[in-house]
Amino acid sequence: MALAARLCRFLPARRGAAPGPRPPTGAAGGRGAGGPGRVRGSEVRGNPGAFRRSLMFSAWSYLGFETYQLLSPAAVVHAAAKGFRVEEILQQADYLYESGEMERLYQLLIQHKDSEDAELLWRLARASRDLAQLSGTSAEEKKALVYEALEYAKRALEKNEASFAAHKWCAICISDVGDYEGIKAKIANAYVIKEHFEKAIELNPKDATSIHLMGIWCYTFAEMPWYQRRIANMLFAAPPSSTYEEALGYFQKAEQVDPNFYSKNLLLLGKTYLKLQNKKLAAFWLLKAKDYPARTEEDKQIQREAAQLLAEFSGKN
């Protein structure tokens with residue numbers, strides 16, 4: 001069972017990235033406790049007002065950074081960032097992330113790969129993973145970046161086990177690596193992935209993305225085909241399992257924490273209710289997904305899928 005592929009299929013795609021892994025609103029979290037983050041628009045923020053002020057500062061910092069590059073074209077990114085405190089580097093990184101500048105973000109953070117700061121390291125894990133998803137990344141480069149991302153996420157966790165974002169990105173990166181390590185490793189990793197998502201939720205119960213991703217974990221195993229379940233039973237005495245009811249609970253909780261934060265959560269609420277034979281509530285959530293403002297290509301795909309599901313089960317009535 002391709003757990004990583006299944007999880008990634010539900011994650012939001014970033015501007016300029018190939019369809020695939022990208023966690024939704026709230027996927028990371030700011031420095032310290034943090035609040036609902038962005039998997040798309042607000043992953044790195046804690047307090048929204050403070051984030052806006054931080055973003056303004058980051059914009060000015062980044063303008064200075066750009067000016068430096070213009071004055072010294074041969075200079076590498078780390079020379080510009082060398083004199084900056086970690087906080088300023090993080091602000092620049094968050095600005096680049098919000099701007100969708102994935103390559104520049106990676107170039108900024110990779111110069112600090114030996115950092116002892118967990119907040120910088122999990123951002124580097126995210127940047128490495130995001131770079132792996134870009135359409136121009138070769139298969140060989142993607143594999144290298146996926147494993148690189150996992151190493152940075154693990155190091156972030158070593159530096160600060162109380163970082164919910166480090167736990168979240170560790171789980172996501174472990175899932176990605178599963179694509180290269182076979183079905184036995186994927187199933188074994190599923191336990192670890194679940195533990196990290198649960199810890200992320202425990203550390204920050206207001207992060208809608210961690211809750212959403214835990215719902216995807218449950219949905220994936222509830223939907224596991226019989227032949228994959230049979231393989232899992234042969235490999236493990238107690239293979240991972242879940243139910244649509246469990247998945248529904250997480251999707252509902254994510255929506256309560258941050259209403260309408262992510263079109264995919266609306267779609268999965270509808271799909272889960274369909275699995276549970278509740279067509280009335282399925283129609284309610286699928287309509288919300290269909291009418292969700294399409295800001296990305298992924299939102300448009302979700303609109304189309306929701307419309308198709310509505311047409312299919314409406315036609316049967």
Side-chain angles (χ1 to χ4, degrees), residues 1-14 16-24 27-28 39 102-103 105-107 109-110 113 121-158 165-200 209-210 212-214 216-225 227-236 238-242 264 298:
M1 182 211 52
L3 174 62
R6 295 300 305 281
L7 286 175
C8 291
R9 192 159 58 85
F10 290 108
L11 297 178
R14 177 176 287 104
R22 168 168 166 72
V39 201
M102 296 305 110
E103 293 93 342
L105 172 60
Y106 178 81
Q107 289 302 321
L109 293 177
I110 195 62
K113 63 181 181 180
L121 288 169
W122 73 249
R123 282 171 172 82
L124 179 53
R126 180 184 64 183
S128 301
R129 180 182 181 274
D130 287 342
L131 201 60
Q133 306 307 317
L134 295 179
S135 57
T137 303
S138 69
E140 184 178 351
E141 291 172 327
K142 178 176 180 178
K143 182 178 180 180
L145 285 165
V146 163
Y147 276 91
E148 182 181 312
L150 178 57
E151 286 307 307
Y152 296 138
K154 286 180 176 178
R155 283 182 51 210
L157 203 54
E158 289 173 3
H167 280 283
K168 180 193 301 183
W169 285 98
C170 220
I172 292 167
C173 293
I174 291 170
S175 179
D176 289 345
V177 165
D179 284 339
Y180 301 98
E181 301 197 336
I183 187 167
K184 186 173 181 178
K186 288 177 184 177
I187 296 173
N189 286 343
Y191 294 100
V192 181
I193 290 168
K194 182 181 182 184
E195 288 174 3
H196 282 302
F197 281 143
E198 288 176 337
K199 189 62 177 179
T209 303
S210 295
H212 169 83
L213 292 173
M214 190 63 244
I216 289 176
W217 190 98
C218 295
Y219 190 96
T220 297
F221 283 102
E223 197 180 39
M224 184 192 296
Y227 62 89
Q228 292 180 349
R229 198 176 300 280
R230 184 174 180 180
I231 294 172
N233 286 328
M234 291 171 63
L235 293 172
F236 297 91
S241 63
S242 189
K264 182 70 78 174
E298 187 196 35

**Student:** Are the side chain of R123 and the backbone N or O of L105 linked by a donor-acceptor pair below 3.5 Å?
**Tutor:**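 No, because the side chain of R123 does not come within donor-acceptor range (under 3.5 Å) of the backbone of L105.
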**Student:** Do side-chain atoms of T137 reach the backbone of L131 as a donor and acceptor pair under 3.5 angstrom?
**Tutor:**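 A pair under 3.5 Å: yes.
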**Student:** Minimum heavy-atom separation for L109 and A127, please, with both atom names.
**Tutor:**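 Reported closest heavy-atom pair: CD1-CB, 4.2 Å.
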**Student:** Might you work through the side-chain contact (heavy atoms from CB on, under 4.5 Å) test for K194 and M214, ending with a clear yes or no?
**Tutor:** CA-CA 7 Å; K194 182 181 182 184; M214 190 63 244; 3.5 Å; yes
**Student:** Side chain of S175, backbone of A171: donor and acceptor closer than 3.5 Å?
**Tutor:**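 Checked: no pair found.
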**Student:** How close do A153 and A125 get, heavy atom to heavy atom, and via which atoms?
**Tutor:**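 Heavy atoms only, the tightest pair is N-CB, 3.6 Å.
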**Student:** Shortest non-hydrogen contact from A156 to L121?
**Tutor:**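 Minimum heavy-atom separation between A156 and L121: CB-CB, 3.7 Å.
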**Student:** Quick one: does S128's side chain have a donor or acceptor within less than 3.5 Å of a partner on L124's backbone?
**Tutor:**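 Present.
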**Student:** side-chain contact (heavy atoms from CB on, under 4.5 Å) for I110 and Y152? Distances and angles first, verdict last.
**Tutor:** CA-CA 10 Å; I110 195 62; Y152 296 138; 3.2 Å; yes
**Student:** Distance check, rounded to the nearest 0.5 Å: E195 atom CD versus H167 atom NE2?
**Tutor:**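 Interatomic distance, E195 CD to H167 NE2, rounded to 0.5 Å: 10.5 Å.
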**Student:** Please report the interatomic distance CZ(F197) to NE2(H212), rounded to the nearest 0.5 Å.
**Tutor:**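 Rounded to the nearest 0.5 Å, the CZ-NE2 separation comes to 9.5 Å.
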**Student:** When rounded to the nearest 0.5 angstrom, what is the spacing between CG in N189 and SG in C173?
**Tutor:**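 The SG atom of C173 is 12.0 Å from CG of N189, to the nearest 0.5 Å.
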**Student:** Between M224 and P240, what is the shortest heavy-atom contact and its length?
**Tutor:**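 The answer is CE-O, 4.4 Å.
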**Student:** Please give me the minimum heavy-atom distance between K186 and G178, naming the atom from each residue.
**Tutor:**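 Smallest heavy-atom distance, with atoms named: CE-O, 2.6 Å.
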**Student:** Could you pull out the closest heavy-atom pair between K168 and S210, with the gap in Å?
**Tutor:**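 Minimum heavy-atom contact is CE-OG, 2.9 Å.
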**Student:** Going through the distances and angles, do Q133 and M102 end up as a side-chain contact (heavy atoms from CB on, under 4.5 Å)?
**Tutor:** CA-CA 10 Å; Q133 306 307 317; M102 296 305 110; over 6 Å; no
**Student:** Over 60° means perpendicular and under 30° means parallel, so tell me whether W169 and W122 are parallel, tilted or perpendicular.
**Tutor:**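 The arrangement is parallel - the two ring planes meet at less than 30°.
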